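Written out below as structure tokens is the structure these notes cover.
Positions are given from 1, in the same order as the sequence printed here. The structure displayed is predicted, hence computed values, not measured ones. Counting starts at 1 for both ligands and their atoms, following the listed order.
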Amino acid sequence: MKHIKIFDTTLRDGEQSPGVALSVPQKLEIAHGLARMGVDVIEAGFPITSQGDFDCVGRIAREVRGPVICGLARTHKTDIERAAKALEIADQWRIHTFTSASDVHLEFMLKKTRAQVLEISEEMVKYARTFCGDVEFSAQDVMRADFDFVIQLFNVAIDAGATTINIPDTTGYGTPLEYGRLIARIRDEVVRGREVSISTHCHDDLGMAVANSLAAVENGATQVECTINGIGERAGNTSLEEVVMALATRGDYYQAATQINTREIYRLSRMVSRHSGMAVQPNKAVVGDNAFAHEAGIHQDGVLKNKSTYEIMNAEMVGREAGVLVLGKHSGRAAFKKALEEMGYDLSNVSNDHGLSEESVGALFTRFKEIADRKGAMGKEELRSLVETRDHTIPEVFKLESIQVLSGTHVVPTATVTLATPSGPQQHASSGDGPVDAAYKAINHLAQVFPSLESYRIEAVTEGGEALGEVSIRARVGEIIYSGNGVSTDIVEASARAWLEVINASLANVGVKKEAMQAI
Ligand code: KIV
Ligand code: ZN
């Protein structure tokens, strides 16, 4: 079996999704999750674009162990220096420098001739090598470029010291057969094409990113660049979970394998969806709500007799345990802690990325009891949602004590909210356009913080009428965007909890100001 490296770019290309801005704690949480899942490379960001991105790449380089940590840089000296500075603290790091290959990019974006691009690429790959032995070189828009120029460019880059050459189909233009052939030609016609890693980077404009990446693997690529849930510029990138599960399920055909712990996939998918505010479509392969659901009677009958009748992989392989009941309303603290430990949380080491402090466990247990009292029992997914919808690093300056709402067809929606505040419990009632709006106004009044809502999303954690509702929002305070999550049996309460997380995050200053990527 050929080893395929998984290069995750959720934190760089994924964050370029319209409307997505991840805060530093969110990026760190995702990076730790990716490391636990076993990706080979994490592209942590594009350090030249902002001080925030530089600092965040630096923190990931310092704190995340296991994968190679990579930073993006144009073929500019300052970009490369900035990337090297942010990354140098990592155990293993990579500079990823890129230019463009197509004439349309050269003429309108770079405003350079082919000869100039060749010269600059050679010089900048050499320069990057003065900082780091692991240098990746990309040429954007290869699918629409002149093939002879592409070969020249990669020859130059390898001779200058590139250790990985990346072949981006930046605009998602290629078809699988075409892109696969292109990769084979690069492997065979670039003089030292077989001495370096050949990487694929596909966009999903025509819905072919995963198929194209797999075609590349069939034709010699040894690295796949991808993102969790396929998020990214425009229609997104190759989706990590689909490529990984295609290789895991059809290793017989591809004769290739990754080192990914597939049982971490679902958890990462939920985490990225929650933090990015981007819902996963129900029929999305591998991670969508319906991916393992059987509706037709004939299918249900088959699956009940033997799962393999209609399932080519099972839900457990990607970490989607069936709603196994773990705890009920009579469960005590010890059983609660044991369940958390069984789910992989570390209660003995808070500094561990998966660690929970005694205080957090205490607060979670109180919430668990409140919910279990109303709901009766909670499954693993619900417990996980309870733990992971709350950012345990943000101090709870304001905390929800109670909420009461009055709403209906012929009444003005009103919410009465009681918060625990630094000066004791405070209560306020407000009216609004709906019960959620009324609750937000009451909270704003009590906290004297006035965020404006940018996006709001609600999802049921599990199936069925008794499911917990998980609310994810993004809201702006001044220039900064904050995200918040809340979970409850009551969707207004879940919404209020998410809003309070935004307010507490704004007080702790852990938001993100999304700065536009500099023009190339
Ligand atoms: O799509 C693309 O071409 C990129 C490069 C920067 C690798 O994201
Ligand atoms: Zn891209």
Check: Arg497 side chain, Asn485 main-chain N or O, donor-acceptor pair, under 3.5 Å: no
Is any side-chain heavy atom of Glu233 closer than 4.5 Å to a side-chain heavy atom of Asp13? yes
Using a distance-only test with no angle check, is there a side-chain donor-acceptor pair under 3.5 angstrom linking Ser273 and Arg457? yes
What are the protein N, O or S atoms, given as residue plus atom name, that sit under 2.8 Å from the Zn ion (ligand 2)? Asp13 OD2, His201 NE2, His203 NE2
Evaluate Asp53 against Lys27 for salt bridge (Lys or Arg N to Asp or Glu O under 4.0 Å), listing each step before the verdict. CA-CA 10 Å; Asp53 219 41; Lys27 285 192 179 178; 3.1 Å; yes
In Å and rounded to the nearest 0.5 Å, what is the CZ to CG distance from Phe98 to Asn166? 11.0 Å
Go through the steps to decide whether Asp188 and Arg194 satisfy the test salt bridge (Lys or Arg N to Asp or Glu O under 4.0 Å), and finish with yes or no. CA-CA 7 Å; Asp188 297 337; Arg194 287 174 189 264; 2.6 Å; yes
Lys NZ or Arg CZ of Lys85 over Phe54 ring: under 6.0 Å, within 45°: no
Can a side-chain donor-acceptor contact be found between Gln26 and Ser483 if the only test is distance below 3.5 angstrom? yes
What does the contact table look like for ligand 1 (nitrogen or oxygen on each side, cut-off under 3.5 Å)?
from	atom 1	to	atom 2	distance (Å)
ligand 1	1 (O)	His201	NE2	3.1
ligand 1	1 (O)	His203	NE2	3.0
ligand 1	3 (O)	Thr170	OG1	2.6
ligand 1	8 (O)	Arg12	NH1	3.4
ligand 1	8 (O)	Arg12	NH2	3.0
ligand 1	8 (O)	Asp13	OD2	3.0
ligand 1	8 (O)	His201	NE2	3.1

Taking the six-membered ring of Phe147, is NZ or CZ of Arg185 closer than 6.0 Å to its centre and within 45° of its axis? yes
